[in-house]
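Okay, so here's the structure we're looking at.
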Protein chains: 2
Amino acid sequence: MITEEDRFRDHLKKKGLKFTSERKLILKEVFSSHKHFDVEELFGRLRKKDRAISRATIYRTLPLLIESGLIREALRCRDRFYYEHVFGHPHHDHLLCIGCGKVIEFRDERLEKLQNEVCKKYGFELIEHRLGIKGYCKKCQKKISKST
Amino acid sequence: MITEEDRFRDHLKKKGLKFTSERKLILKEVFSSHKHFDVEELFGRLRKKDRAISRATIYRTLPLLIESGLIREALRCRDRFYYEHVFGHPHHDHLLCIGCGKVIEFRDERLEKLQNEVCKKYGFELIEHRLGIKGYCKKCQKKISKST
DNA sequence: TCTGCGGTTGCAATTCAGTCTCAATTACAA
DNA sequence: TTGTAATTGAGACTGAATTGCAACCGCAGA
Ligand SMILES: [Mn+2]
Ligand SMILES: [Mn+2]
Ligand SMILES: [Zn+2]
Ligand SMILES: [Zn+2]
């Protein structure tokens, strides 16, 4: 069974890059939780450990994790990228509540299939897609109807 | 028949805001072409006219045009937002070529319907959505297969 | 195990889109 | 025409992300 570390090591080797202790720590921290995360949060989490890692190194490592197929940019909110696992986690899309910021993940096979059809129609080779649906979650709908 | 200017005037009036010459010029320039645009491009186009308008005013006006339902954020590439017309142009989604930057617009009713279904399932009130599919256009596929 | 060659790191400086402040200006309703 | 609240441009500012550089270090080969 291949672990995320195996995958990362392979990718680095292929590119003639080194598996440093910093990259190892970042990888470990990234895969210690399944939640979406941004650079600041990751930086904060790492700082609390015995070994702090600079923001620059984090910014330089995340693209390597993306290239390895381990994570991807999931959302962009509040002027930041939020990342999520790809390795070990099936693809899905997101509902974003404008009211409270809640994020709901969903997967719909029919949506995926239709996108393939669209690409076929235009002779387009699909590499990746991102679907973000903005609106109001149940709770926020209630809040709004109460306040009017 | 309602024009984009009517729409903008109405919206401004509703909010107690003024229809200034700057806002009028920005509106005019935005609707002078149907292509996607970003702030820098719009700023450049306006500067070439008799009357230059500051970036700050453009940044302050675009949200008003969005609120009015005249334009929307269509894409995010190269760290910038790209905008497009909503007024007078039916909703659609985008295929983005990673190779050459080409943007293909498409509309698929079934995709729209399925998204409504997904929202219903989660009790989510859909306000807007954005689907961006990244990949390679026909030409870029050929280029790649030639170079290997 | 030792060595040397790249690749890597942290830091601070930098970039750049986007926001904000403020004094001067202007739309527009009365 | 006038009063007033909204608006403007200029430049300072913010904050995420990038970069240059000198010291550092992983690792393949000896
Ligand atoms: Mn997710
Ligand atoms: Mn479009
Ligand atoms: Zn909510
Ligand atoms: Zn292309």
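Each chain gets a letter, A, B and so on, in the order its sequence line appears, and its residues count up from 1. FYI, side chains are in, hydrogens and waters are out, and symmetry mates aren't considered; it's all heavy atoms of this structure.
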Could you tell me whether A:Arg45 and A:Glu41 have a side-chain N and a carboxylate O separated by less than 4.0 Å?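 Looking at A:Arg45 and A:Glu41, the cut-off is met.
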Is it true that A:Glu67 and A:Lys15 have a side-chain N and a carboxylate O under 4.0 angstrom from each other?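 The answer is yes: the pair qualifies as a salt bridge.
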Atom [atom1] of [X] to atom [atom2] of [N]: distance rounded to whole Å?
X	N	atom1	atom2	value
A:Lys18	C:dG7	NZ	C1'	4 Å
B:Phe81	D:dA16	CZ	C1'	13 Å
A:Leu17	D:dA28	CG	P	13 Å
A:Arg80	D:dT18	CZ	P	14 Å
B:Leu62	C:dG18	CG	P	10 Å
B:Arg9	C:dC28	CZ	C1'	12 Å
B:Phe19	C:dT25	CZ	P	23 Å
B:Ile53	C:dT26	CD1	P	13 Å

OP1 or OP2 of D:dT18 versus the side-chain N and O atoms of A:Tyr59: is any pair under 4.0 Å?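 For D:dT18, OP1/OP2 do not have a side-chain N/O of A:Tyr59 under 4.0 Å.
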If two hydrophobic side chains count as joined below 4.5 Å and joins carry through other members, does B:Val30 share a cluster with B:Leu12?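 Yes, same cluster.
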Answer yes if B:Leu131 and B:Tyr122 sit in the same cluster of Ile, Leu, Val, Met, Phe, Trp and Tyr residues linked by side chain heavy atoms under 4.5 Å apart, and no otherwise.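 Looking at the clustering, B:Tyr122 is in the same group as B:Leu131.
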Measure from the side-chain heavy atoms of B:Thr20 and tell me the nearest of D:dT7, C:dG18, C:dC11. D:dT7
Name the closest nucleotide to the A:Arg60 side chain, picking from C:dC11, D:dA17, D:dA10.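 Closest of the options to the side chain of A:Arg60: C:dC11.
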B:Lys13 or B:Ala56: which one's nearest nucleotide on DNA chain C is closer to the 5' end?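 Looking at the nearest nucleotide for each, B:Ala56 comes out on the 5' side.
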Tell me whether the rings of B:His36 and B:His92 are parallel (<30°), tilted (30 to 60°) or perpendicular (>60°). parallel
Name every residue in residues 22-44 of chain A that has at least one heavy atom under 4.0 Å from any atom of DNA chain D, in order of residue number, or write none if there are no such residues. none
Would you kindly say whether B:His85 and B:Glu4 are connected by a side-chain donor-acceptor distance under 3.5 Å? no
Spatial distance of atom OG (B:Ser68) from atom CD (B:Glu5) [nearest 0.5 Å]: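 Result: 12.0 Å between the selected atoms.
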